[in-house]
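Only one structure is covered here, and it is reproduced in the block below.
Here is how names work: the chains are called A, B, and so on, in the same order as the sequence lines, proteins then strands, and each is numbered from 1.
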There are 2 protein chains.
Amino acid sequence: MPSRSVAYRTKKGWTAVEPRKRLIEAGLDLFGKYSFDGVSTRMLAEQAQVNLAAITYYFGGKEGLYLAVADHIVEQVDGVIGPQLAKVQKALKKKTLDKEQSFSLLSELLEFLITRFLGAPQTDKWLGIIVREQLSPTKAFDVLFEGFMRPLENALFGLAARIVAPGWDDQDVKLRVFAIMGEIQIFHISPSAIKRSLNWEGYEPENLDAIRRVIMDNLKGIFTMSLNDSYPVSDRGGRAEKRLPADTASRRKREVSDAIP
Amino acid sequence: MPSRSVAYRTKKGWTAVEPRKRLIEAGLDLFGKYSFDGVSTRMLAEQAQVNLAAITYYFGGKEGLYLAVADHIVEQVDGVIGPQLAKVQKALKKKTLDKEQSFSLLSELLEFLITRFLGAPQTDKWLGIIVREQLSPTKAFDVLFEGFMRPLENALFGLAARIVAPGWDDQDVKLRVFAIMGEIQIFHISPSAIKRSLNWEGYEPENLDAIRRVIMDNLKGIFTMSLNDSYPVSDRGGRAEKRLPADTASRRKREVSDAIP
DNA sequence: CTTTATGAAACAAACGATTGACTTACCACA
DNA sequence: TGTGGTAAGTCAATCGTTTGTTTCATAAAG
């Protein structure tokens, strides 16, 4: 039997890439561009240079392929940020990790996210699916979130928590992490608007550099204040107010829609 | 003949809302939830309690309805931010507008965007369409961008430019505006992830307040430095470097995809 | 009597999925 | 070293359904 996991030789003599991989590649591209419903099985089969029946054969159907694509995204993203994340996780286990080191690691991680994910053609394909899943989650959102979003967030949360003063509210720290992530995300999500306003053709290296500088500057503004132990948070109602522990209280009963609409 | 633009009395005796309006309302809801391709004309007709043929009759087809929905969004958004925007535009015409006043106006505008747009059920419906249009623009993106995104951006740019020191690069100012807008946008775009991480049920008033505090804090961090005329921008290549005027150089030849895929 | 509006039925096209015949690769057994 | 059987994979054709749109009859209003 022809193996499912190696390249093989067709009767015409080609050494073709597996249909499986070609379908995932096509799905990555088309689902990212046009959303799940915007893509037909025939489009997928044609782009993958594969027979229509192959989708059912390998993935059980269109939805199965979609979930396989989500898995693939997790693998790919993990391949990119995995080492960086492991480095942070290792550092976070040390008790000796101080504020300056944490801030340095955080900067490094964020710069890494900017330079490696912004403007890279491959990662752009992932983003369409990721963003759409955030807007209206399907089964695939679980895959993405638990696959790399949660680990990434935890690393960011962990570093941020070590930067700010001990009294800080846990929720406030997370919100600041989201804020800084938002500064990066907007360049992913709104490239159309940004390019229009700045007369950019795309995210050229010098443009990326400008983005990186601005975000890194803002990062200092967001977290630097606590580097010298001051606490200059403005007009907040009660600072470091008591909050229920996240694990016990009101654990959200999630309901990810089972059916892809 | 029954007018096209006022409520009328059906043969059953109801004073029904116009089919036109009901279709736009349904389109707003469904397109926002499921994207253009994720919605069928039959879903639209049923939700609007309207005959299937009414879509063609009033809008020429599904795509026409979609564009009408985009127009409707522009109207609605403009109704909300219009007065605020007019206030800013008026202030920007004054030569006497100084940094502090500009910063105050900017804060006010951003706080307005947070409190009026985040977590409001109505505005949530707009967002699905807006974000999807940014990811893969169709004809509707032009409507949205020129309708309210460009004016809003210009107001923000104008205020920001008056806050920073005169030597600042125009592009840098805009990037900082995008950054702060990203801090707001992420709470629109990634509610699923944010709620998961913070164990929030939704954007309750106290949660919104926490978000507002954090973003306003960061706004200070981003622009405050220039309020006291310092220029503490880190390791940037050449500050206030010469740039080509936006109007003459490399005016981007935009190509918004004409066909909705 | 024309215009505007609504409705049920039907249209061709495209949809996701399945069928059944076919080829290929592998292996047990002669 | 052949050989037949079995499973894996490919393919064109076709399934029943849903898609967006159209048709045509009818009703109401000017």
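Partners of R150(B) under the salt bridge (Lys or Arg N to Asp or Glu O under 4.0 Å) rule, at least two apart in sequence or in another chain, are E146(B). Partners of F31(B) by ring pair (Phe, Tyr, Trp, His ring centres under 6.0 Å), not counting sequence neighbours, listed by chain and number: F36(B), Y66(B). Partners of D78(A) according to the salt bridge (Lys or Arg N to Asp or Glu O under 4.0 Å) rule, which considers only residues two or more places apart in sequence or in another chain, do not exist here. With sequence neighbours excluded, the residues that form a salt bridge (Lys or Arg N to Asp or Glu O under 4.0 Å) with D209(B) are R212(B), R213(B). When the ring pair (Phe, Tyr, Trp, His ring centres under 6.0 Å) test is applied to F59(B), no partner is found at least two apart in sequence or on another chain.
Taking atom OH on Y57(A) and atom C1' on dT10(D), their separation rounds to 9 Å, with Å as the unit. Y66(B) has its OH atom 14 Å from the P atom of dG20(D), to the nearest Å. Rounding to whole angstrom units, CZ of residue F59(A) and P of dT10(D) are separated by 11 Å.
Classification of R132(A) and D37(A) as a salt-bridged pair fails, no side-chain N sitting under 4.0 Å from a carboxylate O.
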inquiry  = Counting primed atoms plus P, OP1 and OP2 as sugar-phosphate and everything else as base, spell out the protein contacts along nucleotides 11-22 of chain C at 4.0 Å heavy-atom distance: B, S or - for each nucleotide, 5' to 3'.
reply    = ----BBBBB---
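Contact check, Y58(A) against dA8(D): no side-chain N or O comes under 4.0 Å of OP1 or OP2.
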